[in-house]
Each structure stands twice: as C-alpha cells, then as structure tokens.
Asks: 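Below is one structure. I have some questions about it.
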Amino acid sequence: MKQFSATITIFLFWIVFLGETSLSWADDELTDEQKLACESILCLSSGDRPDECDPALNYFFSIKKKKLSDTRDARKSFLKKCPDSNAEGMPSLINVLVDYNCSACTVEQLNKNLVKVVILTGRNFSSISNHSSGFTVMAVDPELPAYCLKYYAAMNSNQYTAYSQYSQSQPVYIGSNLGRKVKDDDGNEYYVMYAKSRNEQAQIAEAISQNHWEWAN
C-alpha cells in the first residue's frame, strides 16, 4: 500500500485492521463535506462497513441524477473533494468506487437476495416436470450478481483498497448445496433438491435456511 498524507494514512490503517481507529477527523483539518468525502472513499474501499460509515455512505448514495452518467459524475465530483483525491493512484480508485460500487454488493444486502428451493421426496421424484408437488422454501442465493463480480474484481486489483490486502477477497457463501438449478415455463430460475423422506426433507429445509454470505478475512 502506498503512502498518503497523515490524515489518509491513519484511516487506511483503520480499513485494514477493521475498526481499530474511529472514523473522525479533527474539526480544524477538514470541512464537513471534505470529511464526508474522505470517509466515503475509505468506507467504500473496505469490506467491513461499521455503523460509523453510515453518515458518509448515506450521503454518497443519496447523490442521484436523472441520468446514470450524471449520477456517476456527481459522485466523482463529491469524492474528489477529499484533499488527497489527486494523490498518485487515487483518481483510479475513485473511478473504481463510482463506476462499479453498489450498495447491493455488501454482505448484508447479499443475504437479502433469496432464491426458491423445491425439495422433492421419494414419493414425487417422478414429478420432475411438476415441482409444485414438492416442499418449497426460500434460501439465500449462492450466486454473486454479475455487477458484484465486476466490482470485487476491480477492488481486488487496486492497491489502495482493503480488498487488495488479501488474495481475491470477496464475500464467501457458507452453507449447504442447493441442488440443481432449473427454470420454470416462464424462465424463472430456482433449485431442486431430493430427500428420501419427509423427515429428511425437513432437515434439508432447516439446513439451507442457515445458508449465508460472510466476509472472508
């Protein structure tokens, strides 16, 4: 990781060690907007976003225009208000944060993405074309959205982010396999699993209900 000014270095240290330093600049160092801009860069660059990040990130994501391109330009202009935004390598980092970052790629949001799972028992294995006869549950989707894959790839390749401190860092899916992915007549994807009995069906349902994404340290 390259060196920034003393202010940025302190908070890059906080990113890597996940919260050992509080998110605050001395009042006489930065204006309120500069402080929010710097905090936004640091929080967006980290895989861990504690509650202290909320004011800055809420401000960042509240910047919206009618056109997506205008929204990106406005968000870049905001981040550039951080005093170190022109330091070597920082412009490219800001581009990554604005062009790829999405609040939907956090672990918290990924765990809200649910997918249908149909668990068939031995008595209805033959009803392959009619999965409505199985037991249906919802589980956390095990696949990262395409835009999140692009985001994490960009973050991992940038030397200024907390992501770059670890090899191929991104959220990891924890839990049981959801079985075979199929599509219904309308093209909607879901998963199919098989159980030998009602009891095993209930056990599978309980197990996959615990599936989740978490950050890999």
Side-chain angles (χ1 to χ4, degrees), residues 15-20 43-55 57-58 60-62 97 100-157 161-217:
I15 288 176
V16 176
F17 292 98
L18 305 179
E20 292 182 9
C43 290
L44 291 169
S45 300
S46 173
D48 184 74
R49 298 177 183 178
D51 293 341
E52 289 84 355
C53 283
D54 288 350
L57 294 183
N58 289 341
F60 175 81
F61 287 114
S62 72
L97 296 177
Y100 291 104
N101 201 344
C102 179
S103 58
C105 295
T106 63
V107 166
E108 292 76 15
Q109 291 302 314
L110 290 174
N111 283 326
K112 295 179 181 179
N113 294 340
L114 303 180
V115 64
K116 183 172 76 171
V117 182
V118 177
I119 308 173
L120 301 174
T121 58
R123 60 191 298 177
N124 52 30
F125 277 1
S126 60
S127 302
I128 300 301
S129 62
N130 182 19
H131 292 160
S132 60
S133 60
F135 181 63
T136 299
V137 296
M138 301 301 291
V140 173
D141 194 334
E143 295 189 2
L144 277 176
Y147 53 84
C148 290
L149 289 172
K150 291 181 179 179
Y151 166 61
Y152 285 116
M155 295 298 281
N156 281 319
S157 66
T161 71
Y163 298 86
S164 64
Q165 304 306 305
Y166 312 99
S167 176
Q168 299 300 312
S169 293
Q170 64 183 39
V172 175
Y173 190 75
I174 305 297
S176 303
N177 187 288
L178 298 186
R180 182 166 60 94
K181 180 184 284 188
V182 298
K183 291 184 179 181
D184 61 21
D185 294 337
D186 295 322
N188 299 311
E189 295 183 331
Y190 64 100
Y191 289 86
V192 176
M193 302 183 70
Y194 303 97
K196 296 179 180 179
S197 64
R198 291 283 186 177
N199 183 53
E200 186 179 39
Q201 188 180 57
Q203 292 176 347
I204 292 174
E206 173 61 25
I208 65 176
S209 71
Q210 304 301 315
N211 288 11
H212 64 282
W213 290 93
E214 64 181 46
W215 185 251
N217 293 323

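Note: hydrogens, waters and symmetry copies are ignored here, and every other heavy atom, side chains too, is used.
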Asks: Could you pull out the closest heavy-atom pair between Ile208 and Ala139, with the gap in Å?
Replies: O-CB, 3.9 Å
Asks: Can you tell me how far apart OG1 (Thr106) and CG (Asn111) are? Round to the nearest 0.5 Å.
Replies: 8.5 Å
Asks: Kindly indicate whether the side chain of Leu110, heavy atoms from C-beta on, has any atom under 4.5 Å from the side chain of Tyr173.
Replies: no
Asks: Checking side chain to side chain donor-acceptor pair (under 3.5 Å) between Arg180 and each of Tyr190, Tyr191, Tyr194, which is the one that passes?
Replies: Tyr194
Asks: Taking the side chain as every heavy atom from C-beta outward, state whether Val115 and Glu143 have any atom pair closer than 4.5 Å.
Replies: no
Asks: Sequence neighbours left out, what passes side chain to side chain donor-acceptor pair (under 3.5 Å) with Asp141? Give chain and number order.
Replies: none
Asks: List for me each residue that meets side chain to side chain donor-acceptor pair (under 3.5 Å) alongside Gln109, sequence neighbours excluded, and say none if there are none.
Replies: none
Asks: Can you name the salt bridge (charged side-chain N to carboxylate O under 4.0 Å, His left out) partners of Glu206, sequence neighbours left out?
Replies: none
Asks: If every non-hydrogen atom of Gln201 is compared with every non-hydrogen atom of Thr121, which pair is closest and at what distance?
Replies: NE2-CG2, 3.1 Å
Asks: Val192 and side-chain contact (heavy atoms from CB on, under 4.5 Å): which single residue from Leu178, Val117, Leu120, Ile119 fits?
Replies: Leu120
Asks: Apply side chain to side chain contact (heavy atoms under 4.5 Å, CB included) to Asn199 and list each qualifying residue two or more places apart in sequence or on a separate chain.
Replies: Ser197, Gln203
Asks: Who passes side chain to side chain donor-acceptor pair (under 3.5 Å) against Asn188, sequence neighbours left out?
Replies: Asp184
Asks: If you measure from OG on Ser62 to CG on Leu57, what distance do you get to the nearest 0.5 Å?
Replies: 10.5 Å
Asks: Could I get the full list of salt bridge (charged side-chain N to carboxylate O under 4.0 Å, His left out) partners for Lys112, not counting sequence neighbours?
Replies: none
Asks: How far apart are the closest heavy atoms of Cys148 and Leu144, and which atoms are they?
Replies: CB-CD2, 4.2 Å
Asks: Taking all atoms of both residues into account, what is the closest heavy-atom pair of Val107 and Trp213, and its distance?
Replies: CG1-O, 3.2 Å
